[in-house]
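Data first, discussion second: the structure below is written as structure tokens.
Note: hydrogens, waters and symmetry copies are ignored here, and every other heavy atom, side chains too, is used. Whatever order the structure lists them in is the order used to number ligands and atoms, beginning at 1. Counting begins at 1 with the first residue of the sequence.
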Amino acid sequence: MAVLSENQLLTGKTILITGASGGIGQITARELARRGAHIVLVCRNQERAEHTRHLIQQVSPASEPDILLCDLSLLAEVRTLAATVAQRYEKLDVLINNAGIMPGPLTITAEGHELSWVTNHLAPFLLTNLLLPQLEAAGQARIISVASEAHWLGEIEPAQTLRNAPDKYSSFTAYCDSKLANILFTNELAHRLELTGITANCLHPGVVDTGLVNPRSSRLLKLMWLLARPLMITAEKGAQTSIYLATASQVATISGRYFKNSKPARTSGTAQNRAEASRLWRISEEETAL
Ligand SMILES: NC(=O)c1ccc[n+]([C@@H]2O[C@H](COP(=O)([O-])OP(=O)(O)OC[C@H]3O[C@@H](n4cnc5c(N)ncnc54)[C@H](OP(=O)(O)O)[C@@H]3O)[C@@H](O)[C@H]2O)c1
């Protein structure tokens, strides 16, 4: 029996990855392209997106990644992105919701959402739901969301906007809440997709030396990041669990799980709460007008 080489494994597969212009997403995109997948890079900045395409083509000269520009913090742009994907691609084999931010001072978008809530949760919620027809068309498809251990400190408030008063806002808390939402969303999605060929899983990539904490982050967070830096793993290592979930045959039928180091891992009690997952789903439907 012929053994597939690493490069042939993903031939014919189309993989869309958000936040592919840097950090974990860029390496994930590069490695999946190396294995032969057709990659769709969703980025908000043309120049950075082209840089990623260049890096990919350096290691996989035959690959021709597509670039779709989208500022995920604006749901109108997410809808346009989904419409473009529907128009251009008959099927989507893997969707990787990777883009994420650690917010700086409280920022409310032009559409009225807190920046990290919309970028980290509402955008992937909306994008995933809008792309379900393309995922279904693949027969067997995988949805992967990059969550975080930060979810242990998160909670889902009845209306996220209620606590967006500047005096109550904590960027770190907002981040933790959005990462809890990634896991609850994955659980509810997996439940809703049970009778389809689509799986939904999420992951913690490790503590990874990327641009997540940036000059806009709070002074305390920047200090913590600086101190933790010697212990951090590289983006190459941080991308491994995303790559595993996108490619491994062992997880082809596993759904609704949270992974660390390419293994199923424990989550907080809140993250496992079914009622909380359906409550989040209702809030998200309302906030995205799905
Ligand atoms: N680093 C860690 O230790 C760690 C730990 C746990 C979980 N995570 C998660 O891992 C994921 C990737 O983060 P990272 O560490 O690789 O950080 P990163 O280097 O800052 O990469 C984040 C990516 O998301 C993109 N992005 C941010 N806001 C966007 C928007 N509004 N529209 C479109 N793209 C946007 C960025 O684009 P630009 O290049 O344009 O900024 C970048 O490509 C995130 O979901 C994060 O929460 C990271």
Side-chain angles (χ1 to χ4, degrees), residues 16-30 40-53 55 67-78 80-81 96-104 107 109-111 113-127 144-154 171-172 174-183 185-186 202-217 221 224-229 231-243 245 258-261 265 267:
L16 185 148
I17 173 159
T18 67
S21 55
I24 298 162
Q26 185 176 67
I27 304 294
T28 307
R30 190 195 70 195
V40 184
L41 307 165
V42 172
C43 303
R44 61 179 162 179
N45 178 289
Q46 177 87 39
E47 219 173 292
R48 283 199 288 276
E50 276 171 12
H51 178 63
T52 297
R53 176 151 65 186
L55 290 179
I67 293 174
L68 296 181
L69 289 182
C70 177
D71 179 346
L72 294 164
S73 71
L74 295 170
L75 297 178
E77 291 203 17
V78 174
T80 306
L81 168 68
I96 307 183
N97 291 312
N98 163 81
I101 55 154
M102 176 77 77
T107 305
T109 66
E111 294 174 337
H113 301 290
E114 187 275 324
L115 190 62
S116 63
W117 181 247
V118 64
T119 309
N120 298 358
H121 169 60
L122 293 180
F125 173 85
L126 181 62
L127 183 64
I144 298 160
S145 298
V146 184
S148 169
E149 284 290 86
H151 82 270
W152 285 84
L153 302 173
S171 56
F172 184 63
Y175 179 76
C176 296
D177 295 352
S178 70
K179 292 289 131 181
L180 171 65
N182 292 158
I183 303 180
F185 166 54
T186 297
C202 58
L203 67 119
H204 170 65
V207 183
V208 192
D209 193 0
T210 63
L212 189 65
V213 169
N214 56 63
R216 293 195 71 240
S217 306
L221 214 54
M224 280 163 52
W225 196 252
L226 197 68
L227 294 174
R229 208 160 215 170
L231 305 172
M232 287 181 184
I233 59 172
T234 61
E236 304 274 341
K237 282 197 178 155
Q240 292 312 308
T241 304
S242 297
I243 296 166
L245 289 176
Y258 173 71
F259 286 77
K260 266 167 52 177
N261 294 319
T267 62

Test of understanding: with salt bridge (Lys or Arg N to Asp or Glu O under 4.0 Å), list the residues that count as partners of Arg30, not counting sequence neighbours. Glu236

Just jot down the salt bridge (Lys or Arg N to Asp or Glu O under 4.0 Å) partners of Arg48, sequence neighbours excluded, or say none.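 Counting only residues at least two positions away or on another chain, Arg48 forms no salt bridge (Lys or Arg N to Asp or Glu O under 4.0 Å).
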
Tell me the residues surrounding ligand 1, counting only those with a heavy atom closer than 4.0 angstrom, sorted by chain and number. Gly19, Ala20, Ser21, Gly22, Gly23, Ile24, Arg44, Arg48, Cys70, Asp71, Leu72, Ser73, Asn98, Ala99, Gly100, Ile101, Thr119, Val146, Ala147, Ser148, Tyr175, Lys179, His204, Pro205, Gly206, Val207, Val208, Thr210, Gly211, Leu212, Trp225

Give a yes or no on this: more than 12 heavy atoms of other residues, nucleotides or ligands lie within 6.0 Å of atom CG of Asn261.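 Not buried by this count: 12 neighbours or fewer within 6.0 Å.
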
Any salt bridge linking Lys260 with Glu149? Criterion: basic side-chain nitrogen under 4.0 Å from a carboxylate oxygen.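 Answer for the salt bridge query: yes.
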
Tell me, please, which residues at least two apart from Asp71 pass side chain to side chain donor-acceptor pair (under 3.5 Å).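 Here the qualifying residues are Ser73.
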
With distance as the sole criterion, is a donor-acceptor pair present between the side chains of Ser242 and Gln240 under 3.5 Å?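 There is no such pair between these side chains.
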
